[in-house]
Protein chains: 2
Amino acid sequence: MTILENAALVLRCFGNNCTDLTVSEVSERLGLPKASASRLLKSMRETGMLEEIGGSRRHRPGRMMLNLSAAFRYSSGVIGRARAAVHELSQAFGHTGYVSIRDNRQVLAIADFEGTNALRVGASIGNKLPAERCATGRSLLARLAPAEVALLYPDGPIAERLAPQLDRIRRTGYALSSQETTPGVDGLAVAVGDPVTSEAVSLCLVYPHNLVSDAERNAMIDAMIDSAGGIAEAVGDPLFRAAAERRVPA
Amino acid sequence: MTILENAALVLRCFGNNCTDLTVSEVSERLGLPKASASRLLKSMRETGMLEEIGGSRRHRPGRMMLNLSAAFRYSSGVIGRARAAVHELSQAFGHTGYVSIRDNRQVLAIADFEGTNALRVGASIGNKLPAERCATGRSLLARLAPAEVALLYPDGPIAERLAPQLDRIRRTGYALSSQETTPGVDGLAVAVGDPVTSEAVSLCLVYPHNLVSDAERNAMIDAMIDSAGGIAEAVGDPLFRAAAERRVPA
DNA sequence: ACAACCGTTCCAATATTCGAAACAATTATC
DNA sequence: GATAATTGTTTCGAATATTGGAACGGTTGT
């Protein structure tokens with residue numbers, strides 16, 4: 001086991017309700033001898049990967065990580081464009097917007113833009129959501145071939161519920177969720193991808209269920225598909241489809 | 001030289017106009033043999049510290065870094081409170097706000113909140129600014145004893161220019177900058193710190209120079225000192241001083 | 001098709017890392 | 001405030017990973 005692998009395992013402990021770690025916690029969570037855990041954290045401290053909180057024995061990621069996440073977010077052409085697009089959309093409609101990527105069966109917001117409306121949905125990045133249970137996630141899943149989706153969800157029930165939803169997204173070009181993750185909150189999502197890097201991102205707007213008329217929602221859908229279409233054209237996404245039937249009442 | 005140090009050196013390459021790296025670039029920038037650079041990046045890829053962009057030979061920080069920076073930002077009580085406070089301030093006044101920390105002679109924004117006004121200052125986190133040349137930085141420097149500041153700035157001229165400015169900040173409780181870093185942009189900053197972890201953060205609002213009246217600016221100063229004072233009380237900051245003379249015209 | 005460049009793999013020598021146990025320092029309990 | 005319990009650090013030989021040089025595939029551009 002190289003020290004780099006162990007270091008990565010330590011870093012992976014962070015992020016899910018875990019903002020700091022001690023030597024013993026690392027020793028226990030990774031099953032390492034105390035001695036090794038102690039030396040490992042020491043080395044990581046010295047390299048700046050970790051830093052001590054105050055003068056205590058608690059460790060958190062070093063501040064270098066702030067630069068790294070910034071580098072990640074700007075390294076992708078699609079991501080940069082998506083950020084700009086969602087920022088505009090968020091300002092135009094006053095609702096909170098996200099840019100998200102999919103990581104296996106989860107989606108991860110990599111940028112958020114708080115809305116300007118008095119009543120708007122709070123934004124928080126870095127959290128993971130199950131892909132099959134939000135508009136953002138489904139918009140990204142809909143870019144996969146049905147066979148790939150089946151591979152990702154071997155458990156029957158989920159796949160069965162998912163298939164018609166994804167079909168609809170593929171036809172209409174956008175994904176919708178209504179009070180799914182959070183009561184009172186609806187979401188709209190459209191996905192684009194870069195064929196070169198094969199990275200796909202989802203543009204998403206979230207808004208209060210009761211405050212948005214059908215007309216406004218349609219306007220948002222149009223605007224999102226427009227924006228995403230621009231990105232798709234710029235990066236040459238062959239999978240992007242502008243919605244055809246979206247104005248036909250359900 | 002342990003592999004961990006080299007890995008950290010690679011990670012440090014990112015962030016300053018550098019979002020991705022190749023084997024040769026790493027080899028050159030760190031002065032490593034090609035072989036070592038190749039193996040190093042391979043290991044870092046396998047552990048998730050890096051990932052390949054598309055199928056190319058370019059590497060960027062792995063997406064794990066998104067979680068890490070989130071963990072960093074939430075690991076501190078002051079930071080969390082400061083985020084909430086600046087978010088409120090930003091919404092209340094419509095101007096863009098920042099939360100920043102100092103790293104030696106630089107300041108680093110760790111959270112940003114875009115303003116809602118039509119004309120507002122763009123926000124971007126992850127960038128570093130010289131501490132002595134922005135309100136945020138000076139508000140943090142003012143928390144140091146004069147001797148510590150002198151230690152940080154051994155070069156005479158800077159220290160001389162800085163001393164009276166910091167004095168004023170210590171007396172009034174807030175820092176001001178006018179068209180300093182960016183033409184047409186003014187900034188207001190107030191710093192608070194946690195005596196337990198000895199972490200200090202700066203709350204900052206930036207706004208268009210020509211669009212803010214003296215009255216509004218004073219209102220902002222009051223609100224910021226109020227918010228920061230609440231944090232200072234909560235965490236028990238002994239250095240925080242509410243402004244006494246700030247309404248006295250200069 | 002060729003050349004130039006970039007990235008990967010092999011090798012033995014070297015340096016780091018490993019785990020157990022003793023040691024030190026902190027925190028908790030009485 | 002003393003003792004016990006927990007947590008973190010250091011030491012050691014043995015085991016293992018890392019190192020740089022050179023030779024080997026692959027890609028790119030002319």
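Lettering of chains follows the sequences in order, A, B, ..., and the numbering in each one begins at 1.
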Is it the case that over 12 heavy atoms from other parts of the model lie below 6.0 angstrom from the CZ atom of B/Arg133?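 Result for CZ/B/Arg133: open.
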Atom CD of A/Glu5: over 12 foreign heavy atoms under 6.0 Å: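 Correct, the count exceeds 12.
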Near DNA chain D, under 4.0 Å by heavy atom, which residues of residues 34-43 of chain B?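 Of all residues in residues 34-43 of chain B, the ones placing a heavy atom under 4.0 Å from DNA chain D are B/Ala35, B/Ser36, B/Arg39.
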Assuming nearest nucleotide by heavy-atom distance, tell me which of A/Val23 and A/Ile3 is located more 5' along DNA chain D.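 Between the two, 5'-proximity favours A/Val23.
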Using heavy-atom distances to pick each residue's nearest nucleotide on DNA chain D, tell me which of A/Glu25 and B/Met1 is more 5'.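 With B/Met1 and A/Glu25 compared, the 5'-side residue is A/Glu25.
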With side chain to side chain contact (heavy atoms under 4.5 Å, CB included) as the test, pick out the partner of A/Val26 among A/Val10, A/Leu9, A/Asn6.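 Answer after filtering A/Val10, A/Leu9, A/Asn6: A/Val10.
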Can A/Leu141 and A/Leu162 be said to form a side chain to side chain contact (heavy atoms under 4.5 Å, CB included), step by step? CA-CA 9 Å; A/Leu141 289 174; A/Leu162 211 45; 4.0 Å; yes
Whole angstrom is fine here: how far is it from [atom1] in [X] over to [atom2] in [N]?
X: A/Leu4; N: D/dT18; atom1: CG; atom2: P; answer: 8 Å
X: B/Leu32; N: C/dT8; atom1: CG; atom2: C1'; answer: 16 Å
X: B/Glu46; N: C/dT8; atom1: CD; atom2: P; answer: 11 Å

For a quick test of reading the model: is some side-chain N or O of B/Asn6 closer than 4.0 Å to OP1 or OP2 of D/dT19?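 Affirmative; the distance criterion is met.
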Answer yes or no: is there a donor N or O on one side and an acceptor on the other, between the side chain of A/Arg60 and the main chain of B/Ala71, under 3.5 Å?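 No: the side chain of A/Arg60 does not pair with the backbone of B/Ala71.
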Among A/Glu52, A/Glu25, A/Glu51, salt bridge (Lys or Arg N to Asp or Glu O under 4.0 Å) partner for A/Arg58: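 Answer to the salt bridge (Lys or Arg N to Asp or Glu O under 4.0 Å) test with A/Arg58 among A/Glu52, A/Glu25, A/Glu51: A/Glu25.
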